[in-house]
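Some notes on the structure that comes next.
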Amino acid sequence: MTAMAQFFKLPPEERAKYFTTDHSKQVKLFNFYLKVEGQEQKVTMWSETFSHLWHPLNSLPENPPQYGLMKTLLGLLSQGLGLEKDCLQKKLDDNPTLKAQGNYHPPCPDPEVTLGLAIHTDLNALTVLKQTEGVTGLQVIKDGKWVAVDSLPQCLCIRVCTTAHRAVTNKIQPRLSLAMFYGPNRDTVIGPIKDLIDEQHSTLYRNYKYAEFLKSSTGKKEQEGARRFVKEVFELQN
Ligand SMILES: O=C(O)CCC(=O)C(=O)O
Ligand SMILES: [Fe+2]
């Protein structure tokens, strides 16, 4: 978090060395934008994003235990679903996609007319997010309403990828969020875990490769707010 905060304090010309619109790059500074229907120009979000890879879990030490956070979370999620503790970890273990993403939101003169990040769901499996302490910006939808996820001292926000969220700006304080994304590799087949399917819980989506999911999520037919809500593409017509 400290390194990312210092990165965004570098002079713009130094940060600009990393600026790219080529999303295949592994280290990149870029802007998210919104494509509004009927409007030619894209609307840039009130933020700058810096993204790079982080280290595979298998190569990290067992101690201190903070290194094992993702493993612990996947274990708890597996157990919560009534599965073996290592079930999700095993599914995601093979060369997972690991990305760190810093989103810097400068103070905004008119927060009502823009967003730090538009509504989306993440494209990975699990996200661990740290926000600048005391500066609220992240919001999730609860009961049809946007609710702020407060940034409490020493707290991390844990999200599963299907949670719709956005980031709002404020007039006074700059804000940084650091998201650690953990996802499958491009060839991993996404599909229901067999032990969770029964007569009451049937299969709703066809199996698909993670690469297919990424491709459909960046398709051209994007509409405002619709980007990244792509799982309908894989829905089974029963
Ligand atoms: O700034 C935030 O809190 C949201 C970050 C986020 O959603 C993301 O990086 O995907
Ligand atoms: Fe996100």
Side-chain angles (χ1 to χ4, degrees), residues 1-9 15 18-21 23 25-35 43-54 69-70 73 96-108 111-112 114-142 145-184 210 213-214 216-218 222 224-231:
M1 186 78 172
T2 309
M4 199 58 100
Q6 283 172 1
F7 176 83
F8 285 108
K9 282 190 188 142
R15 294 205 302 275
Y18 299 92
F19 186 82
T20 180
T21 50
H23 283 276
K25 290 220 168 134
Q26 295 195 333
V27 180
K28 56 190 179 227
L29 179 71
F30 60 98
N31 296 116
F32 279 112
Y33 62 84
L34 203 62
K35 201 165 177 333
V43 180
T44 307
M45 298 287 99
W46 197 269
S47 58
E48 259 180 66
T49 296
F50 185 51
S51 149
H52 54 76
L53 301 183
W54 52 288
L69 178 63
M70 284 292 175
L73 291 171
T97 309
L98 311 158
K99 239 173 43 176
Q101 178 168 297
N103 307 289
Y104 175 72
H105 311 255
C108 175
E112 293 298 315
T114 187
L115 284 169
L117 279 184
I119 178 172
H120 66 280
T121 54
D122 293 342
L123 298 177
N124 50 305
L126 201 58
T127 304
V128 175
L129 185 100
K130 176 93 186 130
Q131 314 181 64
T132 302
E133 275 177 24
V135 187
T136 301
L138 176 64
Q139 297 185 334
V140 293
I141 296 180
K142 186 164 183 279
K145 290 202 180 109
W146 284 110
V147 178
V149 180
D150 285 336
S151 169
L152 303 171
Q154 312 288 325
C155 278
L156 295 169
C157 165
I158 314 295
R159 267 194 324 245
V160 281
C161 72
T162 48
T163 317
H165 56 281
R166 68 179 187 180
V168 295
T169 57
N170 75 83
K171 277 189 183 172
I172 301 159
Q173 288 163 301
R175 172 175 177 271
L176 175 68
S177 65
L178 174 59
M180 306 294 279
F181 297 131
Y182 186 83
Y210 183 53
F213 172 72
L214 291 178
S216 62
S217 73
T218 50
E222 292 165 16
E224 183 175 8
R227 186 176 185 277
R228 302 189 183 181
F229 293 96
V230 291
K231 63 183 193 321

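Order of listing sets the numbers, starting from 1, for every ligand and every atom in it. Worth knowing before you read on, the calculation uses all heavy atoms, side chains too, and leaves out hydrogens, waters and symmetry mates.
- When only modelled atom types and interatomic distance are considered, Thr44 and Asn31 share no side-chain donor-acceptor pair under 3.5 Å.
- The distance from ligand 1 to the heavy atoms of Ala167 drops below 4.0 Å at these ligand atoms: 1 (O), 2 (C).
- Here is the list of ligand 1 atoms found below 4.0 Å of a heavy atom in Ala179: 9 (O).
- Shortest distance from the Fe ion (ligand 2) to Asp122 is reached at OD1 (N/O/S atoms only).
- Here the side chains of Arg166 and Ile141 are not in contact, with every heavy-atom distance at 4.5 Å or above.
- Contacts of Thr127 with ligand 1, taken as heavy-atom pairs under 4.0 Å, are absent altogether.
- Under the 30°/60° scheme for interplanar angles, the aromatic rings of His120 and Phe32 are found to lie parallel.
- Classification of the Phe8-Phe50 ring pair by plane angle, with boundaries at 30° and 60°, yields perpendicular.
- With the Fe ion (ligand 2) as the vertex, NE2 of His120 and NE2 of His165 span 90° to the nearest 10°.
- If you number the atoms of ligand 1 from 1 as listed, the ones under 4.0 Å from a heavy atom of Leu129 come out as 3 (O), 5 (C).
- Looking at Asn170, its side chain does come within 3.5 Å of a backbone N or O of Ile172 through a donor-acceptor pair.
- In this structure, the side chains of Leu29 and Tyr104 stay at 4.5 Å or more apart for every pair of heavy atoms.
- Proximity annotation for atom 10 (O) of ligand 1: of Thr121, Leu117, Asp122, Asp122 comes nearest, heavy atoms only.
- Counting heavy atoms closer than 4.0 Å to ligand 1, residue Phe181 contributes side-chain atoms (C-beta onward) but none from N, CA, C or O.
- Between Phe213 and Tyr210, the ring planes lie parallel to each other; the angle is under 30°, not in the 30° to 60° tilted range.
- Neither the backbone nor the side chain of Arg166 comes within 4.0 Å of ligand 1, counting heavy atoms alone.
- Residue contact check: His105 has heavy atoms under 4.0 Å from atoms 1 (O) of ligand 1.
- Pairs of residues two or more places apart, or lying in two chains, that qualify as salt bridge (charged side-chain N to carboxylate O under 4.0 Å, His left out) and include a residue from residues 125-137 are Lys130-Glu133.
- For ligand 1, the atoms sitting less than 4.0 Å from at least one non-hydrogen atom of Ser177 are 1 (O), 2 (C), 3 (O), 5 (C), numbered in the order shown with element in parentheses.
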